[in-house]
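Data first, discussion second: the structure below is written as structure tokens.
Just so it is clear, the structure is predicted and the values come from calculations on it, not from any experiment. Along the sequence shown, the residues carry numbers beginning at 1.
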Amino acid sequence: NNLTKQKYVFFLNDLSYTLRGINNNKLEYLKYKYDIKEHFNQSISLECERMLENVYTNDKRKIIDDIIITVDGVDAHEIDDALSIKKLENGNFLLGVHIADPLFYINNNSVIYDEAKRRTTSIYLSNLTVSMFPSELSSNSANLLERKMRPATSYYYEISNNGDVVDYKFYKSYVNVYKNITYDKFNSILVNGCDDIEMCKMIEDLTELEPILAKKYNIDPYYEKINRSDANITDTNIVGDSIAEKVVESAMIFNNYMIAQYFNQNKLPFIYRIHAMDKDTLKRISQFSESIKLDGSELEYLKYIEFIKNLYPKATYSTINQGHYGLGISAYTHITSPLRRFADIVASECLNKMYFNSFDDSDVYQMEDEIKKSVEAINQKRLSIEIFSEKYEKNLHLN
């Protein structure tokens with residue numbers, strides 16, 4: 001639909017090659033076919049430069065003075081989530097989840113916004129990185145870098161020792177991250193301690209809170225196997241299982257759940273991350289699992305995972321909440337990686353318009369229409385990116 005003449009001719013020739021059995025799946029060819037652009041055109045670059053030179057400072061944002069840390073893999077470039085924690089006098093935890101806010105710099109009339117929507121997600125492959133936003137924004141100005149004041153959305157939850165959410169408050173904020181640390185550093189401090197008493201206490205408290213948060217969801221073992229082994233094209237899936245990774249994973253899943261619950265309970269238009277499972281599929285998976293005999297070899301295990309992946313439905317985005325079977329949770333969204341996923345931008349816009357601001361029925365109807373269009377575009381593009389990623393990696397290894 002709506003193809004340019006050049007693209008139309010390309011796809012006709014592509015079909016011709018396919019019918020004649022000619023393999024034309026070279027790397028540059030794949031980028032063109034699936035509309036994957038590594039670089040940003042001059043219009044986007046110049047707009048980004050102008051935008052960053054003319055930033056509007058909103059004095060209404062709350063300045064957060066808590067000690068905040070980020071915990072990521074050693075190769076992380078787009079750091080968009082951070083944590084803080086306090087033990088209150090009543091024994092409850094005050095958890096802070098602080099998420100980078102690129103919407104501080106752009107709005108939905110910006111060409112940068114349009115380009116992010118077209119790209120849909122950042123892509124991380126063996127020798128290819130395609131960012132959703134220009135690096136000046138995603139790796140610098142909006143990035144939660146250590147000792148840099150950054151615009152954010154801060155989510156605070158008071159949580160009791162038995163997991164009850166006693167209270168919650170959300171703020172448009174400015175945050176100044178105390179330390180950027182890696183998963184390995186977090187785990188090392190937990191075992192060996194450090195000279196920084198406040199950060200040591202934070203890490204201990206986060207570790208104590210993690211199993212309490214983990215009880216809020218129940219990951220299906222098949223979903224976990226697939227998620228841990230699947231290509232992590234957005235670099236947002238946590239694939240390890242160390243204490244540090246569990247802490248971050250539990251906090252982000254909890255935050256995503258709480259935001260989705262807010263919109264679901266208030267019957268407001270929203271973008272949900274859903275994972276629907278029917279009884280017939282469950283029965284087939286169970287029957288297959290009982291029939292397979294793993295001999296302990298890696299090859300057999302990979303075959304097993306591949307079979308399960310073919311049976312198991314994929315998670316997707318929707319305007320209708322259907323829960324998330326794989327996480328064992330009644331409502332879910334993506335809002336914790338806005339520098340790398342456009343779905344998180346859409347969820348953030350919902351929060352901006354229907355939590356932080358007053359609205360009327362006309363605003364609700366307009367937002368509902370906009371979300372539907374975004375969901376359709378995101379699902380279509382993500383499927384295209386998954387196919388591209390699989391073919392790209394395959395051809396890379398063949399070469």
Side-chain angles (χ1 to χ4, degrees), residues 35-61 63-64 68 70 72-73 75-82 97-125 128-155 171-177 180 232-236 252 271 334-353 356 374 377-378 381-382 385:
D35 196 23
I36 305 297
K37 293 182 171 65
E38 293 177 69
H39 307 291
F40 291 87
N41 65 37
Q42 192 173 28
S43 174
I44 304 295
S45 299
L46 288 173
E47 173 63 9
C48 190
E49 183 179 321
R50 184 200 64 80
M51 173 198 72
L52 293 175
E53 287 177 351
N54 297 277
V55 175
Y56 169 70
T57 302
N58 184 350
D59 292 330
K60 293 181 181 179
R61 283 182 177 254
I63 297 175
I64 305 295
I68 298 171
T70 68
D72 291 279
D75 296 323
H77 297 294
E78 297 164 329
I79 302 173
D80 45 18
D81 57 83
V97 179
H98 310 274
I99 306 299
D101 187 8
L103 291 173
F104 173 82
Y105 297 98
I106 62 171
N107 58 42
N108 57 16
N109 292 318
S110 168
V111 292
I112 300 169
Y113 178 99
D114 292 341
E115 182 66 9
K117 184 175 183 178
R118 190 194 68 76
R119 293 181 176 227
T120 302
T121 180
S122 294
I123 304 171
Y124 301 87
L125 301 176
L128 176 68
T129 297
V130 180
S131 296
M132 188 175 80
F133 285 118
S135 61
E136 295 91 338
L137 181 65
S138 62
S139 297
N140 189 9
S141 297
N143 206 16
L144 300 184
L145 297 174
E146 185 177 306
R147 304 293 183 176
K148 299 287 185 182
M149 189 69 80
R150 292 291 186 254
T153 306
S154 293
Y155 307 87
Y171 303 100
K172 303 306 288 186
S173 62
Y174 291 113
V175 299
N176 193 341
V177 170
N180 296 135
N232 189 10
I233 58 171
T234 61
D235 199 32
T236 52
M252 298 308 144
I271 178 171
H334 278 159
I335 202 170
T336 53
S337 292
L339 298 182
R340 293 174 282 180
R341 287 186 306 227
F342 191 76
D344 301 54
I345 295 290
V346 177
S348 298
E349 285 185 294
C350 292
L351 202 70
N352 286 351
K353 293 179 181 178
F356 290 114
S374 293
I378 291 167
K381 183 66 176 184
R382 280 185 66 93
I385 289 171

What pairs with K117 under side-chain hydrogen bond (donor to acceptor under 3.5 Å, both in side chains), at least two apart in sequence or on another chain?
-> none
Counting only heavy atoms not in E38, do more than 12 fall under 6.0 Å of its CD?
-> yes
In Å, rounded to the nearest 0.5 Å, how long is the span from CG of L339 to CD1 of I345?
-> 7.5 Å
Out of curiosity, S348 OG to L103 CG, how far, rounded to the nearest 0.5 Å?
-> 6.0 Å
Scan side-chain atoms only and decide if N143 and K148 contain a donor-acceptor pair under the 3.5 Å cut-off.
-> no
In Å, rounded to the nearest 0.5 Å, how long is the span from CZ of F133 to OG of S141?
-> 12.5 Å
Between A142 and P102, the two heavy atoms sitting closest are CB-CA, 4.5 Å
Please step through side chain to side chain donor-acceptor pair (under 3.5 Å) for the pair D344 and S337, ending with a clear verdict.
-> CA-CA 6 Å; D344 301 54; S337 292; 4.6 Å; no
Quick one: does L145's side chain get under 4.5 Å of V177's, heavy atoms only?
-> no
Is T121 reaching over with its side chain to a backbone N or O of R340, donor-acceptor style, under 3.5 angstrom?
-> yes
Quick one: which of K172, H98, R61 gives a side chain to side chain donor-acceptor pair (under 3.5 Å) with S154?
-> H98
Qualifying residues under ring pair (Phe, Tyr, Trp, His ring centres under 6.0 Å), relative to H334, sequence neighbours excluded = Y317, Y332
Mind running side-chain contact (heavy atoms from CB on, under 4.5 Å) on T129 and H77 for me, showing each step along the way?
-> CA-CA 11 Å; T129 297; H77 297 294; over 6 Å; no
Going by heavy atoms in the side chains, are V346 and I378 under 4.5 Å from each other?
-> yes
List the atom of S138, the atom of E78, and the distance in Å for their closest heavy-atom pair.
-> OG-OE2, 3.3 Å
Any residue meeting salt bridge (Lys or Arg N to Asp or Glu O under 4.0 Å) with E349, in chain and number order, not counting sequence neighbours | none
Given side chains that start at C-beta, do those of Y105 and S110 come closer than 4.5 Å, heavy atoms only?
-> no
Does F40 reach the side chain of R119, with side-chain heavy atoms less than 4.5 Å apart?
-> yes
Nearest heavy-atom pair of D80 and P338: which atoms, and what distance?
-> OD2-N, 3.7 Å
pair I335-I99: side-chain heavy atoms closer than 4.5 Å | no
Between CZ on residue R50 and OG on residue S45, distance to nearest 0.5 Å | 13.5 Å
What are the two closest heavy atoms between T120 and M132, and how far apart are they?
-> O-SD, 3.5 Å
Output for pair (F342 CZ, E115 CD), nearest 0.5 Å, gives 11.0 Å
Is any side-chain heavy atom of I44 less than 4.5 Å from a side-chain heavy atom of V111?
-> yes
Could you tell me which non-hydrogen atom of E146 sits nearest to which non-hydrogen atom of N180, and how far apart they are?
-> N-OD1, 2.7 Å
NZ-OG distance between K37 and S131, expressed to the nearest 0.5 angstrom = 15.0 Å
Write down the atom of I112, the atom of P134, and the distance for their closest heavy-atom approach.
-> CG2-CD, 4.1 Å
